[in-house]
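Right, one structure below, let's go through it.
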Amino acid sequence: MKTNRMNQVITLASALIGAALLFPQSVRAHCDTMDGPVVLAAKVALEKKDVTPVLKWVKKEAEPEIKAAFTRTLAVRTQGPEARELADQFFFETLVRVHRAGEGAPFTGLKPAGTELGPAIEEADKALESGSVDKVVKLVTDEATAGIRRRFAEAREKKAHAEHNVDAGREFVAAYVEYVHYVEGLHQAAQAAGAHHEDGHAAAPAQPAHHEPVPEHKH
């Protein structure tokens with residue numbers, strides 16, 4: 001029984017991580033920070049003069065571009081401290097841009113080290129270091145539960161007054177749409193969480209069938 005419950009919780013956690021793709025306005029980039037894993041891998045590669053550590057961060061078809069950029073960077077960074085700094089920055093930006101393109105995400109420039117990532121990403125990284133995912137599971141499942149309950153309660157309350165007048169009816173419709181789309185988004189992400197592309201990367205969750213996600217309704 002406990003195993004089944006944990007599997008359900010982990011599935012929901014995976015769904016929420018995937019669901020971030022449904023709500024891009026709230027997603028914080030991780031790989032485009034100066035202390036993120038992509039740039040850290042790039043620094044290791046440059047120090048070792050070996051491009052191998054960064055190749056895992058890009059798709060196979062992008063390897064030639066990264067290898068060419070790496071070769072140019074190694075050549076330029078020998079020309080002095082300023083040249084080295086500029087060359088390294090060029091390589092960091094090229095690598096992150098190509099990595100982001102492989103995710104289907106835009107590149108808007110490198111963010112400074114220490115950029116706030118939000119608790120989900122921070123806990124996800126900590127879990128990999130500690131070997132325990134319990135805090136991540138609790139964080140995302142608590143948020144999902146709270147989100148569903150909050151939207152359900154509002155839709156339920158508005159429904160009770162929906163027939164009083166047109167304005168009240170519209171308030172119910174707005175609350176109903178938000179509630180249903182929130183649940184639908186999580187469910188679609190859960191269905192996609194186990195799917196993988198042929199290259200081994202997780203498939204992105206499907207978008208809602210009819211509408212964009214509705215912004216949170218405010219009283």
Side-chain angles (χ1 to χ4, degrees), residues 1-44 53-54 56-59 95-96 99-108 110-153 178-197 199-208 213-216:
M1 183 65 70
K2 286 186 177 180
T3 300
N4 289 338
R5 173 61 178 166
M6 181 55 71
N7 287 339
Q8 291 173 354
V9 170
I10 290 175
T11 298
L12 181 53
S14 299
L16 278 176
I17 292 169
L21 297 177
L22 297 176
F23 304 96
Q25 69 274 18
S26 65
V27 176
R28 294 176 176 84
H30 185 209
C31 55
D32 60 358
T33 60
M34 286 298 294
D35 54 355
V38 181
V39 172
L40 292 180
K43 290 179 178 180
V44 170
V54 304
K56 63 180 175 288
W57 290 103
V58 300
K59 292 186 178 296
L95 179 62
V96 172
H99 167 71
R100 296 280 288 172
E103 294 182 321
F107 174 61
T108 57
L110 288 174
K111 311 300 189 299
T115 297
E116 177 63 37
L117 301 174
I121 291 176
E122 291 175 2
E123 289 296 340
D125 278 347
K126 289 177 183 178
L128 286 175
E129 295 299 323
S130 69
S132 173
V133 76
D134 291 348
K135 288 185 178 180
V136 179
V137 170
K138 185 176 188 308
L139 175 69
V140 295
T141 53
D142 284 356
E143 184 66 26
T145 299
I148 293 172
R149 290 185 182 281
R150 182 172 64 252
R151 289 165 175 80
F152 168 78
E178 181 180 339
Y179 164 61
V180 170
H181 285 182
Y182 186 79
V183 173
E184 180 188 26
L186 290 176
H187 183 248
Q188 288 181 341
Q191 288 180 313
H196 291 77
H197 294 307
D199 62 3
H201 292 291
Q207 292 288 344
V214 178
E216 186 167 356

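Both backbone and side-chain heavy atoms feed into the values below; hydrogens, waters and symmetry mates do not. Please read all numbers here as calculations on a predicted model, not as lab measurements.
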Legend entry - Test item: R100 side-chain N/O and P106 main-chain N/O as donor-acceptor pair under 3.5 Å: yes
Inset, instruction - Quick one: closest heavy-atom pair of T141 and K138, and the distance? - result: OG1-O, 3.4 Å
Inset, instruction - Provide the closest heavy-atom pair for A42 versus L95 in the form atom of the first, atom of the second, distance. - result: CB-CD2, 3.8 Å
Inset, instruction - Would you give the length of the straight line joining atom OH of Y179 to atom CZ of R149, rounded to the nearest 0.5 angstrom? - result: 10.5 Å
Legend entry - Residues forming a side-chain contact (heavy atoms from CB on, under 4.5 Å) with K126, sequence neighbours excluded: E123
Legend entry - W57 backbone acceptor or donor facing H99 side chain under 3.5 Å: yes
Legend entry - Qualifying residues under side-chain contact (heavy atoms from CB on, under 4.5 Å), relative to A101, sequence neighbours excluded: none
Inset, instruction - Only counting residues at least two apart or in another chain, list the ones meeting side-chain contact (heavy atoms from CB on, under 4.5 Å) with S130. - result: S132
Legend entry - Test side chain to side chain contact (heavy atoms under 4.5 Å, CB included) applied to K111 and V96, T33, V39, the passing residue: T33
Inset, instruction - Drop me the distance from L186's CG to H181's NE2, to the nearest 0.5 angstrom. - result: 13.0 Å
Inset, instruction - Search all heavy atoms of D35 against all heavy atoms of P112 and return the closest pair with its distance. - result: OD1-O, 4.4 Å
Inset, instruction - Identify the heavy atoms of A113 and M34 that sit nearest to each other, and give their distance. - result: N-CB, 3.8 Å
Inset, instruction - Can you sort out the partners of V44 under side-chain contact (heavy atoms from CB on, under 4.5 Å), two or more places apart, ordered by chain and number? - result: K48, P53
